[in-house]
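Let me begin by presenting the structure, written as structure tokens, before commenting on it.
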Amino acid sequence: MTNLKNRLALTYAILIVLALALLTLAVNRLTKSLFSNLVRQTISERSEEIVRTIAEQYNPMTGSFNQITIEAAGMFFVHEGYIVAVETLLGDSVWNARTCDMERCSLVIRDITERMEGRFGVKGSLQSNRYPILFDAEIVGYVDIDTYGPFFYSDAETRFLSLINHFLIIAGLAFILISVGISVQLSGVLAKPVTLEFEEGERRKKQLTQDVAHELRTPLTCLQGTVEAMIDGVYAADKERLESCKDEILRLTSLVEDLNTLSNLEWEGLKLNKTDFDLSQLLEAAAGPFIPAAREKGIEVKLNLRESPINADYDRLKQVFINLLSNAVKYTERGSIVATIQKGDKNWDVLVADTGIGIAKEDLPRIFERLYRTDKSRNRGLGGSGIGLTIATAIAKAHGGSISAESEEGKGSVFKLSL
Ligand code: ADP
């Protein structure tokens with residue numbers, strides 16, 4: 001059971017982790033692609049903003065640029081990752097970040113390259129773009145902006161991405177922990193009934209095989225012994241011995257028939273052929289054949305009948321009455337057998353009471369199990385297979401009914417069929 005539970009838990013956990021991994025991968029890819037598009041747009045907008053800022057420094061009166069402001073702004077742009085160079089329409093340099101501070105420019109580019117290649121796996125190179133500086137719709141100069149391309153993350157964007165990554169890792173771990181917990185719970189809930197049912201089924205199968213083997217062995221050993229003794233001349237093959245052999249053969253035949261009926265009921269399910277009839281008529285018909293045998297034993301058979309219409313399977317119910325009545329006759333030596341039909345909780349109750357050997361308290365709950373026979377009935381050599389009550393119970397259940405028994409050892413038993 002623990003094995004099955006563990007295996008189920010492991011399977012669920014693996015499935016959930018795989019699903020999570022796929023989901024995380026998909027979310028990661030989507031986020032990266034959306035974010036990089038956003039960043040590309042930001043870079044392009046920032047470049048245009050830089051060009052506008054520089055254009056504002058153009059003085060049309062002098063036809064020159066405010067170099068001091070451009071230098072201050074330009075160093076700030078370098079810090080952001082934009083290496084700017086401004087020149088006039090004639091190609092004269094107004095300001096160039098590289099000429100101004102080559103070391104800082106190289107440092108910034110190296111930092112960005114390391115960050116983008118090492119941390120984000122984006123292999124790129126320095127890309128240059130030239131923008132015209134317009135004043136009153138006329139070109140007055142050019143701005144060259146070098147940036148790491150195809151795109152690069154600024155410090156703020158890098159911090160934002162690492163925050164998102166941390167959040168994803170923590171959420172992923174929490175999800176894994178929760179899913180492992182759920183898997184363990186789920187496998188426990190599912191494994192329990194499956195395993196218990198399976199183990200119970202296996203136990204019953206083994207028990208049934210053992211019981212059937214035992215039930216077949218006894219009459220066969222008896223037959224074998226008698227026949228061998230007759231062959232060896234130890235016993236005479238007289239009528240009495242042959243009759244005893246015939247009895248054993250009949251017992252075997254009835255056991256095999258009972259097993260066959262039970263197997264049909266259990267494997268094929270019980271298909272009922274319901275019709276309307278009166279229970280009294282059925283009980284009378286079922287009891288008829290037992291009356292001579294009971295009389296022979298000095299037992300009185302009494303039927304308390306009443307009008308009792310029912311919609312049920314006539315032949316199957318007859319089988320139930322035959323099983324109950326044959327038991328009553330079989331296990332009663334003196335006194336009486338009384339079958340009564342009365343109004344019950346559901347519809348009708350049929351009581352079969354006898355004054356026979358009775359059933360011990362500890363046996364009572366087990367007599368409905370297949371092949372179960374009390375020691376008393378075995379010791380007395382009363383025949384029987386221990387299947388009759390199992391068949392009767394299956395038929396009663398198929399009708400939505402039940403069979404119960406009350407008994408006192410040595411005094412008798414009452415079997416109640418409720419329909
Ligand atoms: P069997 O063919 O052995 O009678 P059943 O399934 O009908 O098989 O009954 C199971 C066991 O219950 C019997 O072997 C017997 O020990 C006990 N039993 C059933 N009916 C009676 C009864 N009327 N009086 C005493 N014992 C009974």
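Just so you know, ligand 1 is whichever comes first in the structure, and atom 1 is the first atom listed for that ligand.
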State if [X] counts as touching ligand 1 under the rule of any non-hydrogen atom under 4.0 Å.
X      : value
Asn323 : no
Phe415 : yes
Ser413 : yes

Contact atoms of ligand 1, heavy-atom distance to [X] under 4.0 Å:
X      : result
Lys330 : 1 (P), 2 (O), 4 (O)
Ile367 : 10 (C), 12 (O), 17 (C)
Gly388 : 5 (P), 6 (O), 7 (O), 8 (O)

Gly386 to ligand 1: N or O pair under 3.5 Å?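 Yes: some nitrogen or oxygen of Gly386 is under 3.5 Å from one in ligand 1.
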With respect to Leu389, determine whether any N or O atom, backbone or side chain, lies less than 3.5 Å from an N or O atom of ligand 1.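 So ligand 1 has an N or O lying under 3.5 Å from an N or O of Leu389.
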Could you tell me which non-hydrogen atom of Arg306 sits nearest to which non-hydrogen atom of Ile341, and how far apart they are?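 Of all heavy-atom pairs spanning Arg306 and Ile341, the closest is CD-O, 3.4 Å.
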Salt-bridge contact Arg52-Glu56 (side-chain N to carboxylate O under 4.0 Å):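 Answer for the salt bridge query: no.
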Whether Arg115 and Glu157 form a salt bridge (side-chain N of Lys/Arg under 4.0 Å from carboxylate O of Asp/Glu) is what I want to check.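 Looking at Arg115 together with Glu157, the answer is no, because their closest N to O distance does not fall below 4.0 Å.
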Under the side-chain hydrogen bond (donor to acceptor under 3.5 Å, both in side chains) rule, what pairs show up with a residue in residues 393-406, not counting sequence neighbours?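 The answer is none; no pair qualifies.
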May I ask you to check whether over 12 heavy atoms, not counting those of Arg295, lie within 6.0 Å of atom CZ?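 No.
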Just heavy atoms, cut-off under 4.0 Å: does Asp354 contact ligand 1 by side chain, backbone, both, or neither?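 Side chain only.
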List in chain and number order the residues that pass side-chain contact (heavy atoms from CB on, under 4.5 Å) with Ser413, two or more places apart in sequence or in another chain; answer none if no residue qualifies.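 Counting only residues at least two positions away or on another chain, Ser413 forms a side-chain contact (heavy atoms from CB on, under 4.5 Å) with Asp354, Ile359, Ser407, Phe415.
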Kindly identify the option in Asn327, Ile391, Thr390 whose heavy atom sits closest to atom 20 (N) of ligand 1.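 Among Asn327, Ile391, Thr390, the closest heavy atom to atom 20 (N) of ligand 1 belongs to Asn327.
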Where the side chain of Ser336 meets the backbone of Val301, is there a donor-acceptor pair that is under 3.5 Å apart?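 Pair absent, no side-chain N/O of Ser336 close to backbone of Val301.
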